[in-house]
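Data block below; observations after.
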Amino acid sequence: MEPGFWRSRWQKQEIGFHQADYHGLLLAHWADLKVPSGTDVFVPLCGKSLDMVWLAEQGHRVVGAELSELAVDAFFAERGLVPDTRTEGVFTVKSAGPYEIWCGDFFEMPADALRNVAGVFDRAALIALPPDMQQRYAEKIAEIVPATAPMLIITLEYDAAQMSGPPFTTPRAQVHNLYDAKFDVREIDCRDVMETHPHFAARGLTSLEECAFVLRRR
Ligand SMILES: C[S@@+](CC[C@H](N)C(=O)[O-])C[C@H]1O[C@@H](n2cnc3c(N)ncnc32)[C@H](O)[C@@H]1O
């Protein structure tokens, strides 16, 4: 997926992935990770996700990474916040209140940006990328996320013959392939979500599972 693809999606407001509420699996399972309140949490490929608001409400400082400046600006504007802006290498970093969003390409993110991160929430980040990019993504995550930080990852699993991504089907075996070498991967929840995602039925899917995994560094 080229950067231009996502920037154009935001420009045209084709953002069907954006949810008007907090993600149920975040609410159900974040506490399992035992990330202390008051610590930093990383939300890769964050869009303007409300999940960042919920994480901030749990007492976290939220560090996001997002390609589209439009998405970042919308996130702050919708909170009534006017961010401070600074430049860090190739990134424009916008921060206000408990939020600091690194606007630029996640694959260029310096590890130093995440030095205080104690937990990660990945919803529609890994699965936004095609399989060949997922390998690079998982390697980059392992490179920049502190080894002590557990991760909550949400995936979707469907028959790839019925629909092309994004979101890309990311079966359990793929999650294990990507992360097993460096992380203990624990599947904690899997739900049939076909009925609550009618737009995917319109795209041809007849079954859809959403799964949550907790990953801890070996
Ligand atoms: C499917 S959306 C999910 C957004 C958010 N996680 C959510 O749950 O609403 C994927 C997001 O990743 C962003 N993105 C894609 N590739 C990126 C990259 N290489 N670096 C930073 N952001 C990227 C896109 O602009 C888009 O906002």
Side-chain angles (χ1 to χ4, degrees), residues 1-30 41-56 60 62-79 88-94 99-111 113-114 119-141 143-145 151-158 163-170 193 196-197 199-200 203 208 210-213:
M1 240 71 264
E2 296 304 315
F5 169 84
W6 290 105
R7 291 206 181 94
S8 149
R9 290 280 296 260
W10 279 99
Q11 257 147 23
K12 294 191 234 156
Q13 286 294 292
E14 290 171 358
I15 52 169
F17 52 79
H18 179 71
Q19 296 199 321
D21 207 346
Y22 307 138
H23 199 285
L25 292 175
L26 172 65
L27 273 55
H29 296 297
W30 182 252
V41 164
F42 180 44
V43 181
L45 282 59
C46 60
K48 58 169 192 171
S49 170
L50 294 186
D51 296 330
M52 294 193 280
V53 176
W54 186 83
L55 287 163
H60 295 295
V62 178
V63 181
E66 170 56 49
L67 205 50
S68 164
E69 193 158 5
L70 222 146
V72 176
D73 289 345
F75 176 78
F76 285 111
E78 287 169 16
R79 316 270 85 69
E88 295 275 356
V90 293
F91 286 85
T92 300
V93 182
K94 302 199 179 197
Y99 309 107
E100 177 178 276
I101 304 186
W102 287 60
C103 190
D105 183 357
F106 161 81
F107 293 101
E108 303 284 327
M109 195 108 180
L114 306 185
V120 176
F121 178 59
D122 171 338
R123 182 261 165 185
L126 173 68
I127 68 168
L129 304 172
D132 56 323
M133 282 182 82
Q134 289 188 344
Q135 183 67 47
R136 258 183 83 208
Y137 173 88
E139 283 165 11
K140 182 72 184 172
I141 283 280
E143 178 196 322
I144 62 175
V145 170
M151 307 200 286
L152 178 61
I153 298 184
I154 314 293
T155 62
L156 289 175
E157 191 167 338
Y158 61 84
M163 184 182 94
S164 54
F168 292 90
T169 183
T170 308
V193 292
T196 50
H197 291 66
H199 54 293
F200 285 127
R203 283 174 69 181
L208 179 66
E210 190 167 51
C211 294
F213 299 83

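As the structure lists them, so they are numbered: ligands from 1, and atoms in each ligand from 1.
Below 3.5 Å of separation, one finds an N or O of L45 facing an N or O of ligand 1. At a 3.5 angstrom cut-off on N or O pairs, Q19 does not count as close to ligand 1. Some N or O of F106 is nearer than 3.5 Å to an N or O of ligand 1, by distance alone. Considering backbone and side-chain atoms alike, D51 places every N or O at 3.5 Å or more from each N or O of ligand 1. Backbone and side-chain nitrogen or oxygen atoms of H18 are examined, and none is located within less than 3.5 angstrom of a nitrogen or oxygen of ligand 1. For a threshold of 3.5 Å applied to N or O pairs, the pair formed by E66 and ligand 1 contains at least one separation below that value.
Between P3 and ligand 1 there is no heavy-atom distance shorter than 4.0 Å.
Using a 4.0 Å cut-off between charged side-chain N and carboxylate O, E69 and K94 make a salt bridge. Salt bridge absent: E139 and R136 never bring a charged side-chain N and a carboxylate O closer than 4.0 Å.
Each of the atoms 18 (C), 19 (N), 20 (N) of ligand 1 lies under 4.0 Å from some heavy atom of D105. Within ligand 1, the atoms closer than 4.0 Å to a non-hydrogen atom of G104 are 20 (N), 21 (C), numbered from 1 in the order shown. Short contacts between ligand 1 and W10, defined as distances under 4.0 Å to a heavy atom of the residue, involve ligand atoms 25 (O), 26 (C), 27 (O).
Across R123, H23, R9, heavy-atom proximity to atom 8 (O) of ligand 1 is greatest for R123. With distances taken over non-hydrogen atoms, the option nearest atom 10 (C) of ligand 1 out of G47, S8, A124 is A124. Between C103, C46, A71, it is C46 that holds the heavy atom closest to atom 5 (C) of ligand 1. Selection from L67, V43, L70, D122 by nearest heavy atom to atom 21 (C) of ligand 1 gives L67.
Using a 4.5 Å heavy-atom threshold, the side chains of M52 and I101 count as touching. Put simply, the side chain of M109 reaches to within 4.5 Å of the side chain of F91, judged on heavy atoms.
Looking at Y158, its side chain never comes within 3.5 Å of a backbone N or O of L208 through a donor-acceptor pair. A donor-acceptor distance shorter than 3.5 angstrom exists from the side chain of H23 to the backbone of L25, with no hydrogens or angles considered. For E66 (side chain) and C103 (main-chain N/O), no donor-acceptor pair under 3.5 Å exists by modelled atom type. A donor-acceptor contact shorter than 3.5 Å is absent between the side chain of D51 and the backbone of Y22.
F121 does not carry R123 over the face of its six-membered ring by the limits of under 6.0 Å from the centre and within 45° of the normal.
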